[in-house]
Amino acid sequence: MQMIIYMRNVDMNLLKALDALLTEQSVTRAAHRLDLSVSAMSRNLTRLRAVTGDLLLVQAGRKMVLTSYAMEVREHVHEITHEAYSLLQPTQKKLNLDTLERNFTLRANEGFINLIASTLAKELQEKAPKSCLSFIEKFDKNAQALRDGTLDLEVGVIGTNAPEMKTKTLFRDRFVGICCHKHPLLQNDEITVQNYTAYKHIVVSRKNKSRGPVDIELANYGLERQINMVVPSFSTAINIVRNSELIGLIPLSTLGFITTESNISGITYFELPVITPFINISAIWHPHQQDNLEHRWFRETIMKICNSFPIH
DNA sequence: TCCAAAATGCCCTTAGGAAA
DNA sequence: TTTCCTAAGGGCATTTTGGA
């Protein structure tokens, strides 16, 4: 009964204030975020404490920390605040690409950026000349940037840490082997698991994980690769392979899906002697962008470009 | 002791309801 | 429709609190 009486007096600005407070974990920063004075935000916090019956933020030295209740509701508060304000904002009737001034942000690994950057840049220049495109390299799968809108779109393998995200499969990728074009491995009539594992290997891993699906398959033959180098990027691996006798393993997309010519600027790619699972590469975005016309146009542009990739 | 952040007192503005 | 009253929100100034 007490809660019902309180709820009658709750206004939407309190919800917005709660979202800002839980996101910033600071009265001062939350006030700046909503363009209010610190005192006004402090009063908002006092009202929210009365409404929820929870302290929400408590002082821990000079900082404020969330209570367990605040931590529990933080994500939900953010989502419903976004939904509520989207509902009250005027509907976008028409998208005018000629006058669109927007910075689109896309997070992907360097291989995908190399693959799509020039085509996407050309498309944006032609269709939305006043817009800007920022690529962000993928150092982690943190979903917070998608949630708070600082990131428009992520391209990669769907993770499990953000189940609320919207996704769309863009293309299927697969691993191939690479070596320098004079590599003794290529003297063999056929690349077998035996001669594949007879040479030293280089692997790409941002987390220094050197074993993957290929190693699992090789283990079935009682074989393993001798890994001599781990590097954080595919471009680094390609450069090293070009000038060494190390054998590399990269997604075919990194080579731009070139399948008609196996000898590419000093390196040769070849089919692996083991079968590895396909990798589904998807576009990932937050539901709050779902009906945004600008965002829809952006992701549909990327989907259109990816549709031209061969599916292997 | 100084500084930064949060809390609070006081006052002004604004919105909504009631009455003329 | 206009006027008046009340409640609530917000800003300025000040105090309190706690770390460096």
Side-chain angles (χ1 to χ4, degrees), chain A residues 1-96 99-105 107 132 134 136-152 154 161-165 285-295:
Chain A
M1 184 59 188
Q2 192 180 28
M3 192 60 179
I4 294 169
I5 293 168
Y6 279 140
M7 290 305 289
R8 282 180 188 156
N9 297 325
V10 173
D11 76 275
M12 285 290 288
N13 285 325
L14 269 189
L15 189 61
K16 204 171 180 179
L18 178 60
D19 182 37
L21 284 163
L22 299 187
T23 302
E24 298 292 345
Q25 297 185 38
S26 156
V27 174
T28 304
R29 289 198 300 271
H32 289 160
R33 188 186 178 107
L34 297 190
D35 202 21
L36 294 176
S37 68
V38 175
S39 64
M41 185 54 72
S42 177
R43 285 177 206 284
N44 277 332
L45 178 56
T46 303
R47 282 180 220 120
L48 284 162
R49 283 169 172 165
V51 168
T52 61
D54 188 271
L55 287 173
L56 300 169
L57 285 163
V58 290
Q59 284 198 296
R62 293 176 73 168
K63 291 181 175 179
M64 301 286 271
V65 295
L66 299 181
T67 63
S68 56
Y69 168 76
M71 281 193 275
E72 193 180 315
V73 301
R74 179 168 57 173
E75 285 298 321
H76 193 208
V77 166
H78 185 70
E79 283 172 23
I80 62 174
T81 305
H82 229 292
E83 284 180 19
Y85 276 86
S86 299
L87 194 68
L88 294 175
Q89 280 174 355
T91 310
Q92 289 174 284
K93 299 288 183 191
K94 193 181 173 189
L95 176 63
N96 188 343
T99 58
L100 177 61
E101 292 184 35
R102 172 163 174 168
N103 183 23
F104 293 106
T105 51
R107 184 166 67 189
C132 178
S134 300
I136 297 168
E137 183 131 22
K138 197 169 188 167
F139 296 111
D140 56 49
K141 288 193 174 186
N142 184 356
Q144 189 54 39
L146 287 168
R147 292 188 180 118
D148 65 26
T150 53
L151 180 68
D152 286 308
E154 171 151 7
N161 60 334
E164 82 274 25
M165 295 297 167
W285 65 94
H286 193 269
H288 77 254
Q289 302 278 26
Q290 177 70 11
D291 297 323
N292 182 291
L293 292 183
E294 298 164 7
H295 193 276

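Each chain gets a letter, A, B and so on, in the order the sequences are listed, and its residues count up from 1.
In this structure, A:R49 reaches the B:dA7 phosphate: one of its side-chain N or O atoms is under 4.0 Å from OP1 or OP2. An OP1 or OP2 oxygen of B:dA6 is reached within less than 4.0 angstrom by a side-chain nitrogen or oxygen of A:S26.
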Review item, nucleotides 10-13 of chain C N/O atoms under 3.5 Å of protein N/O:
| unit_1 | atom_1 | unit_2 | atom_2 | d |
| --- | --- | --- | --- | --- |
| C:dG11 | OP2 | A:S37 | N | 2.9 |
| C:dG11 | OP2 | A:S37 | OG | 2.6 |
| C:dG11 | O6 | A:R43 | NE | 3.3 |
| C:dG11 | O6 | A:R43 | NH2 | 2.7 |
| C:dC12 | N4 | A:S39 | OG | 2.9 |

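With contacts defined as side-chain heavy-atom distances shorter than 4.5 Å, the pair A:H286/A:H295 does not qualify. A:L22 is not listed as a side-chain neighbour of A:H78, based on a closest heavy-atom distance of 4.5 Å or more. A:L57 places a side-chain heavy atom less than 4.5 Å from the side chain of A:L66.
Taking the side-chain contact (heavy atoms from CB on, under 4.5 Å) definition, one finds that A:E72 meets it with nothing, sequence neighbours left out. For A:T105, the side-chain contact (heavy atoms from CB on, under 4.5 Å) test picks out A:N103, A:S134, A:I136, A:L151, A:D152, with sequence neighbours left out.
Between A:L21 atom CG and B:dA6 atom C1' there is a gap of 12 Å when expressed in whole angstrom units. Atom CG of A:L56 is separated from atom C1' of B:dA6 by 15 Å (rounded to the nearest Å). Between the CG atom of A:L48 and the C1' atom of B:dA7 there is a distance of 15 Å, rounded to whole Å.
The two atoms that bring A:F104 and A:E294 nearest to each other are CE2-O, 3.7 Å, heavy atoms only.
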